[in-house]
Amino acid sequence: MLEISNLSHVYGSGPGAHHAIEGLNLSVAEGELLCIVGPSGAGKSTLLRSIAGLIQPTGGEVRIEGKLVKQTPDNLAVVFQDYSRSLFPWMSVADNVALPLRRKKMDKQQRRAAAQEALESVGLAEAGKKYPFQLSGGMQQRVAIARALAYRPALMLMDEPFGSVDAQTREDLEDLVLQVRGHHKMTIVLITHDIDESVYVGDRVVVLSKAPAHVVGDLKVELASPRDQITTREHSDFVHLRAEVGRLVRGLERTPA
Amino acid sequence: MLEISNLSHVYGSGPGAHHAIEGLNLSVAEGELLCIVGPSGAGKSTLLRSIAGLIQPTGGEVRIEGKLVKQTPDNLAVVFQDYSRSLFPWMSVADNVALPLRRKKMDKQQRRAAAQEALESVGLAEAGKKYPFQLSGGMQQRVAIARALAYRPALMLMDEPFGSVDAQTREDLEDLVLQVRGHHKMTIVLITHDIDESVYVGDRVVVLSKAPAHVVGDLKVELASPRDQITTREHSDFVHLRAEVGRLVRGLERTPA
Amino acid sequence: MIRTLGVLGFLLVLEAAGRLGLIEALPPVSVVLVTAAGLAADGSFLSDVGATLSACAAGLLIAVVTAVPAGLLLGTVPAVERSVRPLVEFLRPIPSLSLIPLAMFLYTDSHDAKIALIVYTCSWPLLINTMYGLADVDPIAKDTLRGFGFGPMAVLWRVSLPSTAPFIATGVRIAISVTLIVAVSVELLAGGGGGIGAYLVQAGSANRVDRMLAATVWAGALGLAANALFTAAERRLLRWRWAT
Amino acid sequence: GGGDGGAAQEKTTLTVGVVPVPSSAPLFIAEKNGLFKAEGLTVKTEIIQAPQAVMPKILNGSMDAFLTSYVSLLAINDSGAAKLRLFQHVQTAAPGIASVVVPKDSPIRTAADLKGKTVGVNVLRALGQTVTNAHLQQAGLKPDDVKFTAVPFADQLTALSTKKIDAAWLVEPFLTAARKDLGAVEVIDTTSGPTAGLPLDAWGVSEEWLTKNPKTAAAFHRALAKAQQIASADRNAINAVIPTYTQIPAAAASAMKLGEFSAEVDKASFQKLADLLHGYGYLKSKPDVTTMIPSKIG
Amino acid sequence: MIRRLAWYWLIPVAALAWEVATRSAGAVYFPPPSTILARMREMAATEDVAADLVPSLARLAVGWALAAAAGVALGVLLGRSPLLAKLVEPIVHFGRSVPPAALLPVFLVFFKVGTPIQLAAIVYGVLWPVLVNSMDGARHVDTQYLDTAQVFHLPRWRVVLAAAAPKIFAGLRLSVALALIMMVISELYASSEGIGHRMREAEGSVDIPAMWAGIVLLGVLGVMLNGLFLAVERRALRWHRGRTAA
Ligand SMILES: Nc1ncnc2c1ncn2[C@@H]1O[C@H](COP(=O)(O)OP(=O)(O)OP(=O)(O)O)[C@@H](O)[C@H]1O
Ligand SMILES: Nc1ncnc2c1ncn2[C@@H]1O[C@H](COP(=O)(O)OP(=O)(O)OP(=O)(O)O)[C@@H](O)[C@H]1O
Ligand SMILES: [Mg+2]
Ligand SMILES: [Mg+2]
């Protein structure tokens, strides 16, 4: 589904240039849920933007279903790390969620129903009429997730999607993503800082180095599906994997800047 | 130090009014590190804004050292949940950190040195000359933390300050906060979604109910200081407390919206 | 309430200054206001006001539907902006007053000439504000839609335009008063087709300073009313901005 | 006279630019007495400030005739932008209708005192400056000794009373107002002595219009000429129409001092005006006024 | 340098097109650029151009600086103080809708004929767009910035100024060309030198090429001043360009 070969990205030029990614290779199979972990400032968001075609990487290439990504590919959704700035302040929450659905063959009523359903699934059934600024940080983040889920993309990119919600909600959302993935055959790339989470939701966990980012670890997660917050996390394989990812992440030197 | 009595806050009025906080009582002793956990949308940020004097609560009162908070009290620093929008985009990172120090009796060079020191302490020694938009999400969040730390306030309010950084950095920052608190006699109120974190850094953990928020649990954390990421977390008291907080949080119904 | 207080205070100061002889040679404010009120019952003056207002409305409308899209184009395609910029900057400082003869030569109807000059003059605040507004759009907001596969036009229409709306609104706010100024000035200098400016010519050549000032008060009051109307509309359209 | 009927005329609806001053009165007298209707003409008026401003309309044919000062007529012809013709004379200057005045407490008392002072005129390099120059020269000053500045008549009173200018060249009704309201004192009567009897205003048309519309021109001219006779014979006729197209109240209209309304311009005075303007460098070339007076209209 | 100049390609192209169009149309009021240039050269040779240009530009510079400073200060003040805004805003919207030409009698009460009154007219005309843009900009500053400023007790006005800078600069950009316009308008009356005075003279004597010469001169001045302005703006808003470059 997704093929990244020898990807590099440099921000700026001259002496102030910053090498965010260098020679990164990665491929994701159809229907896979890939978790990416890595130190802050590594280049994870940069990688995600390259996959989404939002920046043109300075080297290497990204292919989706064999096609070189030059512009944003069709049938893709992104949950941005900076969710509060990715919600449109001039629209109600429901309109924000329904907006991308205009690209689908749906009439107004269907769009509205789909938006409402997605909002319900993230626990915001009653927030549709509000404006984003009237919501708490975690609620805004959930709106951004609902927007991506409602879109039902073939490829979903999520950049720390559960960073601002409480533990209980976080677990619910993790399960929601797994469930939606199961129903709708999505391929998902999810960036997270929570090692437990990466193992719990991922089919595979990729560990990135500090900047310039490249892959330093690639672990297959062989845990039974459907997963369960209590039993899966108790499973010895889970504990083992989690420790291994932890070691990989900790093994990296601290990023200087 | 901090006395909150019968605090209530209602956003808006009429049928669309939202009761964010109702009848909340809380007091924080001098030098204490209080962690607040609670469901997304409960009213944690609202509580924090009331303490900082950024909103006038619709009921009850907040007192700092006996003085009613009407405007923002002196000697206070806040790390906002929406860190990316609390950094000034028109200033370099170092200037952002140094700016509040203008209120202290420091000359330019001292300010610059203090800013650089704070940036180093959060692992951003080389980011000073950059602009905020040139940093990753987690780096921006660390800049906001550095700004508050450099200021050395008597009361520090932190709203999910470590939500966007990787596990390793998170632990480092937790220890940094504990260490700074020890050196400089700060009182700290820290909002977090991570139950482990609340027990690890807190002297006390307060659990808030879903909206309208009030206190449903108030636990003293009696763990030895200085704390250590490995040994403290292994300690049976830690495991016990963490489970108790978890039960309290999980015991709350899911917030509808 | 406070608004009226401010205006009242201002008027009182002016009146006092006039009465105390600080402002010599001009009729006191109260006299001007009474004259201005009297004009409300003057049919021929009202038709002058109508002529001015209709030209203003038409001019503003045409300017908005041409300058805003032009600003969107210049603001989104840098190559076009760089190429057109010298021409735009060449045209902008040319006073509409200097163009009056040209407009009157081109349009046999003075009303049309007046509208053309209004369009010319009030396009600039709209154009410039639209361009600066586009430069201020949050890139993450744009990326969000792009991420869902929307094309450049959809991003322009659904993100850039609403984000720019506050800037455009400011442009319109400025343009409103510019239309009045241009209309009255053109009428004043070139006459034809009536209007507040033509009334000013008549009053001026009869040495009716009170009436000139009264008509001027009307021009200002019309601008004030138009601005209030627009602000009300803006508050509805850009509700999200006023709420925060 | 009498109309030959509209059928033969090139056009029957005329747009005429009028300045809201007494000189436009004959046109309104003609309208009031049905003289245009009798010729089969419909006359529409547009308020203008000066013919220069409406030259584009005259050139593109959207305005047929206009009230003009002789100075403007000469200036426009001098520029070569258009060829204008004197269509019908209106008013000749009489003593006391245009003067340089100063505030009542001003130390300036004679033309010679104006040396180095600022004098307001309505338009620079036009009648006011020309006639004042002539008197300054008589008093031994050079035109450069005085600084002229352009301020519209209506604003001159303000400028004068607040001492923002030292002196003002004013015509009626401003002159009366200056005397009455400000107690202004006359320093020079600029329509006497070396500048007595200069022609002031007339109706103008373009040469092109005249050749294209001979029949209309004849009819329009007949009506205006008749009105002109009424005006020159009966001051009350003027007084009666002034309030209808200006904002000058009836009482003020009859109190105003006016020049002489006559049927024909005195060619010698016209030439004298032209020579003065040329002499001060306000015209590029020395005009021959006879070329501006059509031999016969119609 | 050459690359920079290349962006001006449209000017010669437009001039050429204009030349062809005006030559073929032959309308009196639209002389071809070649005629205008010839007239300009003639004027430059026979008249003391500096005597008109220097005082005009001096008034322009002083007037613009005064208006810009006052506009930004007043605008930010009104934008941030709802009470003051309510008190003064009606007067502002009234004042900015009044044609400066109609205010001449009022100006004549306060200012001496010549440079003082012209400066007053320039300031009056240029003030409004700067004020309105600054006011709207200051009024809608992101609350998160204001909260941050409040918490750290930062000087609020500086945060407001910086956050509103994009909009303030839009107003200032408008004001540069407007200052040129007001310079001309202020010289229409009560003046005896300057570009506007010359243009009025040209109009009075229906010297059409000379009128156009004034127009062209203003255009050229506009391009130059705008270049200057953009250079300043590029420095001041560097952060903004980097941040919003998609
Ligand atoms: N400006 C506002 N207008 C109206 N309602 C608001 C506003 N700000 C917050 N709220 C509402 O108040 C409630 C509490 O918000 P608050 O931001 O305090 O939550 P929180 O506990 O910080 O949540 P989170 O953990 O998601 O950040 C939410 O339900 C939210 O919808
Ligand atoms: N627009 C930019 N200009 C210059 N440098 C940038 C820009 N955006 C990001 N960078 C740099 O590129 C590096 C990688 O950034 P990126 O946002 O991809 O990190 P990340 O892995 O997502 O980190 P985090 O977990 O903190 O979000 C960082 O060091 C950052 O400073
Ligand atoms: Mg990131
Ligand atoms: Mg919050």
Side-chain angles (χ1 to χ4, degrees), chain C residues 2-3 5-7 10 23-26 82-87 89-95 97-98 101-102 105 124-125 128-129 132 135-139 142-143 166-167 169-170 173-174 176-177 180-181 184-185 188 200 209 212-213 215-216 219-224 226-228 241 244, chain E residues 7-11 14 27-30 83 86-91 93-103 105-106 109 128-129 132-133 136-137 140 143 166-167 169-170 173-174 177 180-181 184-185 188 199 203 211 214-215 218-223 225-226 240-241 243-246:
Chain C
I2 297 171
R3 279 166 228 275
L5 268 181
V7 175
F10 181 67
I23 305 176
E24 317 152 66
L26 291 184
R82 271 309 252 129
S83 299
V84 176
R85 190 196 295 162
L87 198 61
E89 298 309 331
F90 184 91
L91 293 176
R92 278 204 304 132
I94 300 172
L97 295 186
S98 304
L102 310 180
F105 185 77
W124 305 124
I128 297 286
N129 264 303
Y132 275 69
D136 200 39
V137 178
D138 193 327
K142 278 193 280 190
D143 280 353
F167 276 78
T170 303
R173 205 184 275 286
I174 294 174
I176 284 176
S177 59
L180 269 166
I181 290 178
V184 173
S185 304
L188 192 68
L200 281 171
V209 180
M212 288 175 74
L213 290 173
T216 307
L222 290 173
L224 181 59
N227 186 75
R241 285 198 92 227
T244 40
Chain E
W7 284 112
Y8 288 81
W9 63 271
L10 195 57
I11 293 274
V28 219
Y29 267 85
F30 293 88
L83 181 73
K86 274 189 186 148
L87 269 174
V88 183
E89 233 186 295
I91 299 163
H93 296 311
F94 179 93
R96 68 193 182 86
S97 308
V98 172
L103 275 184
V106 179
V109 173
W128 304 119
V132 171
N133 265 63
D136 279 6
H140 299 292
T143 45
K167 208 161 198 175
F169 271 91
R173 171 99 176 257
L174 280 172
L180 272 167
I181 292 175
V184 169
I185 290 179
L188 292 184
M199 288 176 77
E203 219 170 297
M211 282 162 52
I215 290 178
L218 283 175
V220 171
L221 283 174
V223 172
L225 288 179
N226 183 67
H240 188 252
R241 271 171 206 278
R243 192 174 83 109
T244 55

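Lettering follows sequence order; numbering is per chain, from 1.
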Taking side chain as everything from C-beta outward and backbone as N, CA, C, O, which of these in [X] sits under 4.5 Å from a heavy atom of chain C? Side chain, backbone, both or neither.
X         : answer
Leu225(E) : neither
Val184(E) : side chain
Ala14(E)  : side chain
Phe30(E)  : side chain
Ile11(E)  : side chain
Leu174(E) : both

Phe167(C) portion near chain E, given a 4.5 angstrom heavy-atom threshold: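 It is both, since atoms from each part get that close.
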Under 4.5 Å from any heavy atom of chain E - which part of Asp136(C):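 It is both, since atoms from each part get that close.
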Audit row: Trp7(E), Ser83(C), side-chain hydrogen bond (donor to acceptor under 3.5 Å, both in side chains) steps and yes/no: CA-CA 5 Å; Trp7(E) 284 112; Ser83(C) 299; over 6 Å; no
Kindly give the heavy-atom pair with the smallest separation between [X] and [Y], and that separation in Å.
X         : Y        : value
Leu224(C) : Pro90(E) : CD1-O, 3.3 Å
Arg173(E) : Glu89(C) : NH2-OE2, 2.8 Å
Gly220(C) : Val98(E) : CA-CG2, 3.7 Å

Best-contacting candidate, [options], against chain E by heavy atom pairs under 4.5 angstrom:
options                                    : value
Ser177(C), Gly6(C), Pro93(C)               : Pro93(C)
Asn129(C), Val184(C), Val7(C)              : Asn129(C)
Ala135(C), Pro166(C), Ser185(C), Ala219(C) : Ala135(C)
Ile176(C), Val84(C), Leu102(C)             : Leu102(C)
Leu97(C), Leu180(C), Ile128(C)             : Ile128(C)

Tyr132(C) six-ring face occupied by Lys167(E) cation (under 6.0 Å, within 45°):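 No.
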Value rounded to 0.5 Å, distance of CD1 in Ile181(C) from OG in Ser97(E):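 The CD1 atom of Ile181(C) sits 6.5 Å away from the OG atom of Ser97(E).
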Leu87(C) CG to Trp9(E) CH2 distance, which is reported to the nearest 0.5 Å: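 Between Leu87(C) CG and Trp9(E) CH2, I get 9.5 Å after rounding to 0.5 Å.
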Heavy-atom pairs under 4.5 Å with chain C, option from Val28(E), Asp136(E), Ile185(E) with the top count: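 Most heavy-atom pairs under 4.5 Å with chain C: Asp136(E).
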Residue, of Leu103(E), Val132(E), Leu180(E), that accumulates the most heavy atom pairs under 4.5 Å with chain C: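 Max contact count across the listed options: Val132(E).
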Close side-chain approach of Ile174(C) to Trp128(E), heavy-atom, < 4.5 Å: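 Side chain of Ile174(C) against side chain of Trp128(E), heavy atoms only: no contact under 4.5 Å found.
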Flag side-chain contact, heavy atom, 4.5 Å: Ser98(C) against Met199(E):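 Counting from C-beta outward, Ser98(C) and Met199(E) do come under 4.5 Å.
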Step-by-step side-chain hydrogen bond (donor to acceptor under 3.5 Å, both in side chains) determination, Arg85(C) to Asn226(E): CA-CA 10 Å; Arg85(C) 190 196 295 162; Asn226(E) 183 67; over 6 Å; no
Phe90(C): which of Val220(E), Leu218(E), Leu10(E), Leu221(E) passes side chain to side chain contact (heavy atoms under 4.5 Å, CB included):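 The single option meeting the side chain to side chain contact (heavy atoms under 4.5 Å, CB included) with Phe90(C) is Val220(E).
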